[in-house]
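Okay, so here's the structure we're looking at.
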Amino acid sequence: MNIILLGPPGAGKGTQAKRLEEKYGLVQLGTGDMLRAERASGSALGKEVQAIMDAGRLVSDDIMIKLIASRIDGAAKGFILDGFPRTVPQAQALDAMLAQKGLKLDRVIEITVDQAALIDRLAGRFTCANCGASYHDTNHRPAREGVCDVCGHKEFVRRADDRPEAVRIRFEAYRQQTAPILPYYQDKGILTRVDGMADIDEVTRQIVAVLSKIAA
Ligand code: ADP
Ligand code: ADP
Ligand code: ZN
């Protein structure tokens, strides 16, 4: 099963991807996490994308398409794309890449959330410094205070691009560059919307209900 989670910054893509990864044995391909790992490793790519990411702008299609192409091969039981594609050219490149490998997309799930809730989610977000799992100051604290639920790590970070100035630019990038891929998938008949305003467990239930209709 190959799926895409789509939605604005803070919609809950990463949170849901982690849960689906466990439940279905899929590989989460989170491009934001990949880029942050490149930065942490001090690679040339990491240095190149640093300023763009912190400002809240999108990294170039060229870079992103190369980055994802090298990862899709490792996802034998299927993948969950989280954060890719984010532009129409990325969506087209993904189709070409999958066709070449004899793979296909089963579902694109759009997680919808009100703007006010998104602002609150990003302002309260903190993530595990090791595995990137997302938490929230009030909505979603780790089960054991100070310990990541997913990997047991004890350090957390806040993202530079969750500052209000960068958040404004990210919403604008979503509206102008990413939202146009929704009709692209709608036309293919594979787009489903879920209500991302519900609590985290309920959103997972909605997505599982959608995926249960797809043959594994
Ligand atoms: P995205 O990957 O789409 O940017 P995240 O999964 O990182 O979003 O979630 C953004 C923030 O909102 C995190 O702090 C997360 O804990 C919180 N969050 C995620 N889903 C929900 C939800 N359904 N209700 C309330 N808070 C949520
Ligand atoms: P969020 O969880 O808020 O949706 P991500 O963690 O997915 O954000 O992405 C963080 C940043 O990484 C983006 O603002 C952008 O700079 C860069 N990025 C991630 N994926 C892509 C992509 N597919 N195309 C362009 N830039 C990307
Ligand atoms: Zn962790």
Side-chain angles (χ1 to χ4, degrees), residues 4-20 28-39 45-46 48-68 80-91 93-94 109-114 117-142 146-162 166-167 169-174 177-178 181 194-207:
I4 296 177
L5 295 183
L6 258 176
K13 303 178 296 294
T15 300
Q16 297 300 329
K18 285 261 180 317
R19 292 170 157 226
L20 300 171
Q28 177 191 8
L29 300 174
T31 44
D33 290 341
M34 289 176 198
L35 292 172
R36 283 184 288 275
E38 292 288 340
R39 292 178 57 166
L45 173 60
E48 190 178 342
V49 299
Q50 193 163 329
I52 297 172
M53 287 177 77
D54 287 349
R57 298 187 357 252
L58 293 186
V59 173
S60 76
D61 289 338
D62 264 11
I63 290 180
M64 296 313 302
I65 291 163
K66 282 196 198 107
L67 188 66
I68 208 75
I80 308 164
L81 280 170
D82 153 23
F84 186 96
R86 257 179 160 93
T87 63
V88 171
Q90 289 181 18
L94 176 65
I109 295 174
E110 180 194 2
I111 306 177
T112 60
V113 177
D114 295 354
L118 292 174
I119 290 170
D120 169 71
R121 287 187 190 183
L122 295 174
R125 169 158 71 180
F126 60 96
T127 59
C128 171
N130 179 49
C131 76
S134 266
Y135 298 93
H136 189 275
D137 291 329
T138 49
N139 303 341
H140 179 218
R141 303 195 65 87
V147 183
C148 175
D149 294 346
V150 177
C151 76
H153 195 78
K154 291 185 179 144
E155 274 167 286
F156 297 88
V157 288
R158 288 188 194 261
R159 286 168 43 174
D161 60 348
D162 281 343
V167 164
I169 294 168
R170 287 159 66 204
F171 285 149
E172 210 37 41
Y174 184 79
Q177 294 171 271
T178 307
I181 64 184
V194 301
D195 175 18
M197 292 296 288
D199 68 34
I200 294 174
D201 287 340
E202 173 54 26
V203 177
T204 305
R205 273 193 290 275
Q206 289 180 47
I207 296 174

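Whatever order the structure lists them in is the order used to number ligands and atoms, beginning at 1. For reference, positions follow the sequence shown, starting with 1.
- By the 3.5 Å distance cut-off applied to N or O atoms, Gln90 is counted among the residues near ligand 2.
- At a 4.0 Å cut-off, not a single heavy atom of Arg39 sits close enough to ligand 2 to count as contact.
- Using a 4.5 Å heavy-atom threshold, the side chains of Ile200 and Arg19 count as touching.
- Residue contacts with ligand 1 for Thr127 are absent, since no atom lies close enough (heavy atoms, distance under 4.0 Å).
- One N or O on the side chain of Arg170 and one on the backbone of Asp161 form a donor-acceptor pair closer than 3.5 Å.
- Under a 4.0 Å criterion applied to the non-hydrogen atoms of His136, ligand 1 contributes the atoms 14 (O), 16 (O).
- The single protein non-hydrogen atom nearest to atom 21 (C) of ligand 1 is Ile200 CG1, 3.3 Å, given as residue, atom name and distance.
- With a 4.5 Å cut-off on side-chain heavy atoms, Leu81 and Leu94 count as touching.
- Among all protein heavy atoms, the one lying closest to atom 15 (C) of ligand 2 is Arg57 O, 3.5 Å.
- Those atoms of ligand 2 with a heavy atom of Thr31 less than 4.0 angstrom away are 19 (C), 20 (N), 21 (C), 23 (N).
- Inter-residue side-chain proximity for Lys18 and Asp82 is flagged as unmet; no heavy-atom pair is nearer than 4.5 Å.
- Residue contact annotation: Ala198 has a non-hydrogen atom under 4.0 Å from ligand 1.
- For Met34, the heavy-atom gap to ligand 2 stays at 4.0 angstrom or more.
- If you look at Met53 next to ligand 2, the close heavy atoms, those under 4.0 Å, come from the backbone and the side chain alike.
- Looking only at heavy atoms of the protein, atom 26 (N) of ligand 2 is closest to Val59 N, 3.1 Å.
- Side-chain contact between Val167 and Pro9 is absent, with no heavy-atom pair separated by less than 4.5 Å.
- At a threshold of 4.5 Å between non-hydrogen side-chain atoms, the residues Glu38 and Val49 do not count as touching.
- At least one N or O atom of Gly10, backbone or side chain, sits closer than 3.5 Å to an N or O atom of ligand 1.
- Below 4.0 Å from some heavy atom of Thr15 lie the following atoms of ligand 1, by number and element: 5 (P), 6 (O), 9 (O), 15 (C), 19 (C).
- Residue contacts with ligand 2 for Arg159 involve side-chain atoms from C-beta outward but no N, CA, C or O (heavy atoms, distance under 4.0 Å).
- Using a 4.5 Å cut-off on side-chain heavy atoms (C-beta onward), Arg86 and Leu6 make no contact.
- For the pair Gly14 and ligand 1, the shortest N or O to N or O distance falls below 3.5 Å.
- Ion pair Arg121/Asp162 not flagged as a salt bridge, since none of the NZ, NE, NH1 or NH2 atoms sits closer than 4.0 Å to an Asp/Glu carboxylate oxygen.
- Protein heavy atom nearest atom 18 (N) of ligand 1, with residue, atom name and distance: Arg121 CD, 4.0 Å.
- Taken from OG1 in Thr15 to CD1 in Ile111, the straight-line distance is 8.5 Å, to the nearest 0.5 Å.
- Using a cut-off of 2.8 Å, one finds that Cys131 contributes an N/O/S atom close to the Zn ion (ligand 3).
- The pair Asp54-Arg39 meets the salt-bridge criterion, with a side-chain N (NZ, NE, NH1 or NH2) lying under 4.0 Å from an Asp/Glu carboxylate O.
- Residue-to-ligand polar distances place Tyr135 within reach of ligand 1: an N/O pair is separated by less than 3.5 Å.
- In this structure, the protein non-hydrogen atom closest to atom 3 (O) of ligand 2 is Arg170 NH2, 2.3 Å.
- The angle subtended at the Zn ion (ligand 3) by SG of Cys148 and SG of Cys151 is 110°, given to the nearest 10°.
- Between Arg125, Arg86, Lys13, it is Arg86 that holds the heavy atom closest to atom 7 (O) of ligand 2.
- At least one heavy atom of Ala11 sits closer than 4.0 Å to an atom of ligand 1.
- Those atoms of ligand 1 that come under 4.0 Å of a heavy atom in His140, given as number and element, are 16 (O).
- Only the side chain of Leu35 comes within 4.0 Å of ligand 2, judged by heavy-atom distances.
- When only interatomic distances are considered, the shortest N/O to N/O separation between Leu122 and ligand 1 does not fall below 3.5 Å.
- In summary, the atoms of ligand 1 found under 4.0 Å from a heavy atom of Asn139, numbered by their order in the structure, are 25 (C), 26 (N).
- Within ligand 2, the atoms closer than 4.0 Å to a non-hydrogen atom of Arg36 are 6 (O), 10 (C), numbered from 1 in the order shown.
- Ligand 2 has no nitrogen or oxygen under 3.5 angstrom from a nitrogen or oxygen of Pro9.
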